[in-house]
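Single-structure report; data block below.
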Amino acid sequence: MTEKPARVRFAPSPTGRMHLGSARTALYDYLLARRTGGKFILRIEDTDRKRFVPGAEQELIDGLRWLGLEYDEGPDIGGPFGPYRQTERRESYQKWAAELVERGLAYPCFCAADKLEKNRQEQLKQKLSLRYDGTCRRLDPDEARRRIAAGEKHVIRFKMPYDGQTTASDIMRGPITWDNAGLDDTVLLKSDGLPTYHLAAMADDYEMGITHVIRGSEWLPSLPVHVNLIRALGWPEPVWMHLSVFLKPSGKGKMSKREGAEALKDGHSIFVTDLQKLGYTPEGVLNWIVLMGWGVAEDDVMTLHEMTQRFTIDHLTASPAAINFAKLDHFNGTHIRLLTAEDLAGRVKPFLTEAGFRVDDALLLKTIPLIRERLATLDDAVPFAGFFFLENVNPLPAELPAAGLSPAQSAEIIRQALKILSALTEINHAAAEPPLRQWAEARGLTVNQTFGILRVAVTGQKVSPPLFESMAIIGRETVLKRIERAIELLEKM
RNA sequence: GCCCCCAUCGUCUAGUGGCCCAGGACGGGGCCCUCUCAAGGCCCAAACAGCGGUUCGAGUCCGCUUGGGGGCACCA
């Protein structure tokens, strides 16, 4: 590759939970940085003190770590361009704001919030476009200085050009042109002295040497503000990439809290730490989201490492993508099957432990070949492997009799099966399956019926890994004991 | 109300003017395998939103219409 090393930043604000959209942005950031031999930076945009959520930053960091998106610079690990939290860089923003005012590119605005709100309502009523009326832009600079000196509350607004056009280029959409007449005098510095996103992000990107800005398409409307600001200050312009939003599964509208709750009922979630708890793997999640907005012709199963080798900016797509959880399940299962037995065992263990099973590592490892292709999520191991770690199972009596057979008939069948099995010195597929099958067929029974009763007797459930392979792991004595118990249960029915 | 973006199977997408009577994946249907459930193999149905241009030739370029999405805060 001939691309120059890119400096890319993931810049979330600690105002909520880390969702799929953020994860995908971070992924693309990471891929671009790794692909070009550049740097991936985590920056926390915490200038909104009202919406600040304690713990949100940690969830972001945990999410990135879990996904395996290691960053090179960040608030917790430092780096040459720190600090990486915006509230720790406020002097810098104030300095830039002051410079803009001094050069006549920005101005202090004393308009009160309630007055601005009244204006907005009025504009709404008259069906006008919503924008600042420009009162303070026309203020005499000397008077403004006097009012500031008198301690009057104010913000700093950027002076957008009144006429002409602004053109900026997005990597996936090409050049976009706006009439400046439709642009607003955006607030750069709030009355609490902290910057808004517009100033803070641009200043940081400049000071941190960011070469590519990857962010959500909700930022597209403020692109002209950002480029005018950058150009006013004479800063180099980064490459812009505005990622489309994720739509709810129906494709109508973007994901909301309502859909989030709906997904959770279904064993899915749009939050990355939830996905972890639900038994999804980073590999599965990553593979799923990387394809929502970036297309490959074929071979769509990839690890993070393979993604970094294949990722290219020019295959990014600009259209909104609907979330499809069925596809997540598929990718997750696929990556589970790609793991080594040891790896899978280690990942599955916490879910079994959490479910109350006392897990023996050696035993767990033996069950992996039996359960691996049955798992869509890691916690599917609970129903598929839990019974291996139990001394006794408790079959539901109602589930014991085979379809179309009475409890008495079913009892008789496994009494015979017990006879056959106890004659064996070891119970495994090779030794147990042929004689049982022969016997069943001779009696005019289907193997489904016969093996079915045994399955419930031995595993306690109607659905399980292969019967005889499971028996081999459980061991002869325990198997025979469980069958005897089932016979008792059937006799009592 | 104003501004901006997007538009290929139900969904995610490949396609960068002829290689496309449009390819892959998920989901769906069928068959095979099979002790349940899976996994796996094979096969099938399924799309270029519409209308005008440009061109010898358009899914691919342009315009309009329609549909969808985003934005218009001292939030990011």
Side-chain angles (χ1 to χ4, degrees), chain A residues 11-13 15-16 45-48 50-51 109 111-113 116-117 120 123-131 153-157 170 172-173 176-179 182-184 186-192 194-198 200-201 215-224 242 244-245 247 249-254 288 291-301 314-315 317-331 333-334 337 371-376 380 383-384 433 436-437 440 446-452 454-456 459 461-468:
Chain A
S13 55
T15 53
E45 312 223 321
D46 56 350
T47 54
D48 185 351
K50 289 191 217 66
R51 294 202 309 151
C109 170
C111 296
L116 294 174
E117 184 53 34
R120 233 190 314 277
Q123 288 166 343
L124 219 50
K125 217 167 68 188
Q126 295 186 29
K127 295 188 190 297
L128 296 168
S129 52
L130 274 23
R131 53 186 308 196
K153 271 209 154 210
H154 64 282
V155 302
I156 303 296
R157 280 183 190 274
D170 173 88
M172 339 175 208
R173 304 159 223 265
I176 305 169
T177 300
W178 290 262
D179 283 329
L183 271 21
D184 212 353
T186 317
V187 172
L188 260 23
L189 209 61
K190 299 183 273 188
S191 57
D192 65 1
L194 282 170
T196 58
Y197 171 90
H198 309 289
R215 52 170 20 175
S217 67
E218 65 270 23
W219 291 114
L220 210 46
S222 37
L223 220 209
H242 294 87
S244 61
V245 295
L247 270 23
S250 65
K252 305 278 180 207
K254 66 172 174 180
W288 180 48
L291 260 11
M292 300 178 71
W294 177 65
V296 294
E298 258 149 75
D299 301 319
D300 57 3
V301 175
D314 36 79
H315 279 86
T317 56
S319 47
I323 286 179
N324 180 353
F325 287 114
K327 204 159 186 171
L328 167 61
D329 289 342
H330 168 261
F331 276 118
T334 300
R337 274 169 254 128
I371 66 171
R372 78 165 359 132
E373 65 253 30
R374 280 163 249 272
L375 310 181
D380 284 344
F384 277 113
E433 202 266 359
L436 276 170
R437 175 183 296 271
T446 66
V447 285
N448 272 9
Q449 293 174 311
T450 311
F451 294 2
L454 282 173
R455 181 187 314 285
V456 179
T459 68
Q461 47 201 55
K462 299 193 76 147
V463 173
S464 81
L467 222 209
F468 301 101

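Note on naming: letters A, B, ... go to the chains in the order of the sequence lines (proteins, then strands), and numbering restarts at 1 for each one. Predicted model only: the values in this text are computed from it and were never measured.
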Under 4.0 Å between any heavy atoms, over every strand shown, what does A:Ser244 touch: base, sugar-phosphate, or nothing? Just pick one. nothing
Side chain of A:Ser222, backbone of A:Trp219: donor and acceptor closer than 3.5 Å? yes
Counting only side-chain heavy atoms from C-beta out, which of B:rA76, B:rU13, B:rG69 sits nearest to A:Arg51? B:rA76
Counting side-chain heavy atoms from CB outward, which of B:rG71, B:rC75, B:rA14 is closest to A:Glu218? B:rG71
Taking OP1 and OP2 of B:rC37, is either one under 4.0 Å from a side-chain nitrogen or oxygen of A:Ser464? no
Quote, to the nearest angstrom, the C1' distance that separates B:rA46 from B:rC61. 28 Å
What is the distance from CG of A:Asp179 to P of B:rC2, rounded to the nearest Å? 14 Å
Considering just the side-chain nitrogens and oxygens of A:Asn448, establish if one lies under 4.0 Å of OP1 or OP2 belonging to B:rU36. yes
In whole Å, measure the gap between the C1' atoms of B:rG23 and B:rA14 for me. 6 Å
Would you mind pulling out the nucleotide paired to B:rA38, Watson-Crick or G-U wobble, both distances under 3.5 Å? none
How is A:Thr47 classified with respect to the nucleic acid when contacts are heavy atoms under 4.0 Å: base, sugar-phosphate, or nothing? sugar-phosphate
Presence of donor-acceptor pair under 3.5 Å, side chain of A:Arg173 and base of B:rC5: no
Please measure how far the P atom in B:rU8 lies from the corresponding atom in B:rU60, and state the result in whole Å. 12 Å
Within less than 4.0 Å of OP1 or OP2 of B:rC35, is there a side-chain N or O belonging to A:Arg437? yes
Distance check, P atoms only: B:rC37 and B:rG71, in whole angstrom units. 47 Å
Tell me whether the OP1 or OP2 atom of B:rC4 has a side-chain N or O from A:His242 closer than 4.0 Å. no
The nucleotide from B:rG27, B:rU36, B:rA76 with an atom nearest the side chain of A:Pro466 is B:rU36
Pairwise 5' ranking along RNA chain B for A:Val187 and A:Arg374, keeping only the more 5' one: A:Arg374
Interatomic distance, A:Arg157 CZ vs B:rA73 C1' [rounded to whole Å]: 10 Å
State which of B:rA39, B:rG69, B:rC12 makes the closest approach to the side chain of A:Glu373. B:rA39
Scan A:Arg120 against the nucleic acid and name what it touches under 4.0 Å (heavy atoms): base, sugar-phosphate only, or nothing. sugar-phosphate
Rounded distance (Å) that lies between atom P of B:rC37 and atom CG of A:Leu375: 17 Å
When the P atoms of B:rC4 and B:rC43 are considered, how many whole Å apart are they? 49 Å
Between the side chain of A:Lys153 and the main-chain N/O of A:Ala112, is any donor-acceptor distance below 3.5 Å? no
Determine yes or no for a side-chain-to-main-chain donor-acceptor pair under 3.5 angstrom, with A:Asp179 supplying the side chain and A:Gly182 the backbone. no
Does A:Asp170 use its side chain to pair, donor to acceptor, with the backbone of A:His242 at less than 3.5 Å? yes
How far does the P atom of B:rC21 sit from the matching atom of B:rG28, given to the nearest Å? 30 Å
How long is the line joining CD of A:Glu298 and C1' of B:rG15, in whole Å? 12 Å
Residue A:His315, side-chain atoms from C-beta onward, closest of B:rA14, B:rC6, B:rA76: B:rA14
Expected output: side-chain A:Arg131 to main-chain A:Leu183 donor-acceptor under 3.5 Å: yes
So, under a plain 3.5 Å distance rule, would you say the side chain of A:Ser319 forms a donor-acceptor pair with the base of B:rC6? no
Which part of the nucleic acid does A:Trp288 contact within heavy-atom distance under 4.0 Å: base, sugar-phosphate only, or nothing? nothing
How many Å lie between CG on A:Leu194 and C1' on B:rC74, as a whole number? 10 Å
Which part of the nucleic acid, if any, lies within contact of A:Ser13, taking any heavy atom under 4.0 Å across all strands shown: a base, the sugar-phosphate backbone alone, or nothing? sugar-phosphate
Earlier contact from the 5' end, RNA chain B, for A:Lys462 and A:Pro249: A:Pro249
Specify the separation, in whole Å, of atom NZ of A:Lys327 and atom C1' of B:rA25. 4 Å
How close or far is atom P of B:rC35 from atom CD of A:Gln461, stated in whole angstroms? 19 Å
Could you tell me whether a side-chain N or O of A:Trp288 sits under 3.5 Å from a main-chain N or O of A:Asn324, the two making a donor and an acceptor? yes
From B:rC35, B:rG70, B:rC37, nucleotide with atom closest to A:Val463 side chain: B:rC37
Just name whichever nucleotide pairs with B:rC72, Watson-Crick or G-U, keeping both distances under 3.5 Å, else none. B:rG1
Between B:rG69 and B:rG40, how far apart are the C1' atoms? Round to whole Å, please. 40 Å
Shortest side-chain distance from A:Trp178, nucleotide among B:rC3, B:rC74, B:rC12: B:rC3
Pairing check on B:rC26: which nucleotide meets the Watson-Crick or G-U wobble criteria with it, both distances under 3.5 Å? B:rG10
Partner nucleotide, any strand, of B:rC61 [Watson-Crick/G-U, under 3.5 Å]: B:rG53
Side chain of A:Ala322 - closest among B:rU11, B:rG27, B:rG70: B:rU11
From the options B:rG10, B:rC4, B:rC35, select the nucleotide whose nearest atom is closest to the side chain of A:Asn324. B:rG10
Tell me the interatomic distance from A:Lys50, atom NZ, to B:rA73, atom C1', rounded to whole angstroms. 10 Å
So what does A:Val155 touch, heavy atoms closer than 4.0 Å: a base, only the sugar-phosphate, or nothing? base
Work out how far the C1' atom of B:rU54 is from that of B:rA45, and round it to whole angstrom. 36 Å
With sugar-phosphate meaning primed atoms plus P, OP1 and OP2, does A:Gly216 contact a base, only sugar-phosphate, or nothing at under 4.0 Å between heavy atoms? nothing
If you look at every strand shown and take non-hydrogen atoms under 4.0 Å, does A:Pro465 touch a base, only sugar-phosphate, or nothing? base
Kindly say whether, by distance alone, the side chain of A:Arg455 makes a donor-acceptor pair under 3.5 Å with the base of B:rC35? yes
Looking across every strand, which nucleic acid part, if any, lies under 4.0 Å from A:Ile176 by heavy atom: base, sugar-phosphate, or nothing? sugar-phosphate
Tell me, do A:Phe451 and A:Thr446 make a side-chain contact under 4.5 Å, heavy atoms counted? no
Is the backbone N or O of A:Val155 less than 3.5 Å from a side-chain atom of A:Ser191, with the two atoms forming a donor-acceptor pair by type? no
To check you understand the geometry: which heavy-atom pair defines the closest contact between A:Phe384 and A:Leu375, and what is its length? CD1-CD2, 4.2 Å
Between B:rC74, B:rA76, B:rC35, which one does the side chain of A:Ala113 approach most closely? B:rC74
Strictly distance-based, threshold 3.5 Å: is any side-chain N or O of A:Ser244 a donor or acceptor partner for the main-chain N or O of A:Ser319? yes
